[in-house]
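None of the values given here were measured: they were computed from a predicted structure.
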Amino acid sequence: MTARLLRFPLFLILTGIAALMMLLPALDALMRDDTSVARAFFYAGLLGLAAVISTGLAISGHVARREPTGAQHLGSLLLAYLVLPLYLALPFYEGVQTTSFLNAYVEMMSSLTTTGATLFDAPGRLADSLHLWRGLVGWGGGLLIWISASAVLAPMSLGGFEVTVRAEPGQDDAMLGRFQRALPSRRVAQAARVLTPVYLGLTLVLWIALMAGGERAFVALIHAMSTMATSGISPIGGLHNGASGLGGEIAIFLFLVFALSRLTFSSDTVPTARPGLVNDPEFRLGLALVMTVPLVLFARHWIGSIELAEPVHPIEALHALWGAVFTVLSFLSTTGFESADWQASRAWSGLGAPGLILMGLAMIGGGVATTAGGVRLLRVYALYLHAHREFERLVHPSSVGRSSGTGRRIRRQGAYIAWIFFMLFALTLTAVTAALAAAGLDFEAALIVALAGLSTTGPLITSATEDPIRLIELGSFGKLVFSVAMVLGRVETLALVALINPAAWRE
């Protein structure tokens, strides 16, 4: 029944789910006696349900006889990211009442793509029910990319999976035995049944942990949803304004690990011949970055700030080290939460605004088939293997590689595809930066905003510079360019290239 339902256009299904989700902020606003916001969400939800039901009945006879292909599901996913925020923005626009519809659209686009950038710098400008809607949309966007990566991108050898398979990007890899040959709708239905309870359960556990740490239930819920979706959405302007303290940061830190590798919650799509999380190259590379970068920042207290003759206090040193460790993992997972001790870490290392470090971490990104964005750790690992082998050949030209068959494939074909993706990412970053510069931003600000959109790390806009960039001051053209960048960062340019390949559309 579920697989048959998924034969309907993805946009129609997502609209129906969004309409049902609107009842939650409507109920929340009603409990807060905010009748104007409650009416906005309730009426928008009813309108969406009516439109979905009428459209579904009108096309049900035609849809039931045809099975969408993987490429059609991918095209529907792209269309949903572009069009669905128009509907999501309706109650948000009516609820705020003091902003333009374009601002509401960009805000919902940012939430749905799990970017988490906001045009409303002051959290108090939005009612709590509107913050809840932002968190719910971001949480749903994280679940959407989880299911899409497993059921659509992976079988089509996209989303980072192209590094480890023999099939060309955009082509089915079922013949290799890594994915069962099944109809695309059945794969989506199966992934939804398996992943949704896991996603919901992990969010619930983190919510309880944050409340146990002393956080208010409403704030804890949004922070839990933002952590699982790696959106970085917060109703209070960040973790440092919360009440959970160090305990809450430790809980979030543990759950951010799920963004480093899919093997933290699944055992399929193993990228090496040796199974297990310990042997997963993504997880090991991510941990290496989380350990190395904070140690470099920590050691810079003595290397780059020798003129400081103040005595070292162990407690202050530990706070500075923790602030760096948490913030590094947060930006590597493209979440963008800052530790309450991040300011102490910056002062300890002597760096005013370590923007290049945060931008580099966000560009690397998290694991394949996770909610994180960026280039992805598996692609970086493939490029590392290839570079390591080339250095070996410079020293020993006649040497023979000792890797297994999987390792050789990653080092050769995988590295080639990873390099193509990296070049596409760089060209897209250049184009978006140039467009934002034409919209009125200076080069540094344009680069930061472009990278924030393409890596889906919205908080980078306020963290990478001393003076935060205010998105709301961008013109209409700049906001639309930023919206396109967020979609490109979420769907990935390689997937768009695969969509225009005629071979991907053959049944």
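The CZ atom of Arg376 sits 14.0 Å away from the CG atom of Leu285 when rounded to the nearest 0.5 Å. One distance of note links CG of Asn103 with OG1 of Thr98; it measures 9.5 Å at 0.5 Å rounding. Rounding to the nearest 0.5 Å gives a distance of 10.0 Å between OG of Ser226 and CG of Leu206. Atom CE of Met109 sits about 5.5 Å away from atom CG of Leu82, to the nearest 0.5 Å. Put simply, CG on Leu210 and CD1 on Ile222 are 12.0 Å apart, with the number rounded to the nearest 0.5 Å. One finds the CG atom of Leu471 at 5.0 Å from the CZ atom of Phe482 (value rounded to the nearest 0.5 Å).
For Met359 against Ala464, the heavy-atom pair with the smallest separation is CG-CB, 4.3 Å. Between Ile461 and Ala117 the shortest heavy-atom distance is CD1-CB, 4.1 Å. For Gly138 against Ala229, the heavy-atom pair with the smallest separation is O-CB, 3.2 Å. Heavy atoms only, all atoms of each residue included: Ala446 and Leu436 are closest at O-CD1, 3.6 Å. When all heavy atoms of Thr370 and Gly367 are compared, the closest pair comes out as OG1-O, 2.7 Å. For Leu460 against Ala362, the heavy-atom pair with the smallest separation is CD2-CB, 4.4 Å.
Looking only at distances, no side-chain donor or acceptor of Thr456 sits under 3.5 Å from a matching main-chain atom of Thr114. Remark: side-chain polar atoms of Tyr105 are not paired, donor with acceptor, to backbone N or O of Ser100 under 3.5 angstrom. At least one donor-acceptor pair closer than 3.5 Å links the side chain of Ser54 to the backbone N or O of Ala51. Counting only distance, with no hydrogens or angles, the side chain of Glu215 and the backbone of Gly242 share no donor-acceptor pair below 3.5 Å. Ser110 places a side-chain N or O within donor-acceptor distance of the main-chain N or O of Gly116, the cut-off being under 3.5 Å.
Ring orientation note: the planes of Tyr93 and Phe101 are nearly perpendicular, at an angle over 60° on the 30°/60° scale. Ring geometry, Phe337 versus His223: the interplanar angle exceeds 60°, so the pair is classed perpendicular (tilted spans 30 to 60°).
With a 4.5 Å cut-off on side-chain heavy atoms, Leu119 and Leu474 do not count as touching. A 4.5 Å side-chain heavy-atom check between Ile364 and Val375 finds every atom pair outside the cut-off. The shortest distance between side-chain heavy atoms of Thr327 and Leu358 falls below 4.5 Å. Counting heavy atoms from C-beta outward, Leu447 and Leu429 have side chains that approach closer than 4.5 Å. Using a 4.5 Å cut-off on side-chain heavy atoms (C-beta onward), Leu200 and Trp139 make contact. Met108 places a side-chain heavy atom less than 4.5 Å from the side chain of Ser111. Contact of the Ser345 side chain with the Asp341 side chain is not registered, since no non-hydrogen atoms from C-beta on lie closer than 4.5 Å. At a threshold of 4.5 Å between non-hydrogen side-chain atoms, the residues Thr227 and Phe258 do not count as touching.
Under the 3.5 Å distance criterion, with hydrogens and angles disregarded, no donor-acceptor pair is assigned to the side chains of Thr465 and Glu444. Looking at Asp33 and Thr35, their side chains never bring a donor and an acceptor atom within 3.5 Å of each other. For the residue pair Ser231 / Arg134, no side-chain donor-acceptor distance below 3.5 Å is found, with atom types taken as modelled.
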Applying side chain to side chain contact (heavy atoms under 4.5 Å, CB included) to Glu338 and Ser330, what does each step give before you reach the verdict?
CA-CA 7 Å; Glu338 289 184 7; Ser330 179; over 6 Å; no
Using the side chain to side chain contact (heavy atoms under 4.5 Å, CB included) rule, take Thr230 and Phe255 through it: C-alpha gap first, then chi angles, then the decisive distance, then the call.
CA-CA 10 Å; Thr230 64; Phe255 279 80; over 6 Å; no
Could you walk me through whether Met228 and Thr371 pass the side chain to side chain contact (heavy atoms under 4.5 Å, CB included) check?
CA-CA 8 Å; Met228 291 308 304; Thr371 56; over 6 Å; no
Decide yes or no on side chain to side chain contact (heavy atoms under 4.5 Å, CB included) for Met21 and Trp133, but give the supporting numbers first.
CA-CA 9 Å; Met21 289 175 60; Trp133 181 234; 4.0 Å; yes
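Ring centroids of Phe326 and Trp342 are separated by 6.0 Å or more, keeping the two rings apart. Taking the six-membered ring for Trp, Tyr199 and Trp146 have ring centres closer than 6.0 Å.
Among residues two or more places apart in sequence or in another chain, the salt bridge (Lys or Arg N to Asp or Glu O under 4.0 Å) test is passed with Glu249 by none.
Atom CG of Asp467 is surrounded by 12 or fewer heavy atoms from other residues, nucleotides or ligands within 6.0 Å. With a 6.0 Å radius and a threshold of 12 heavy atoms from other residues, nucleotides or ligands, Phe253 has its CZ atom above the threshold.
Applying the side chain to side chain donor-acceptor pair (under 3.5 Å) rule to pairs touching residues 14-27 yields nothing, sequence neighbours excluded.
Under 4.0 Å is where a charged nitrogen must lie from a carboxylate oxygen, and between Arg125 and Glu107 no such pair does.
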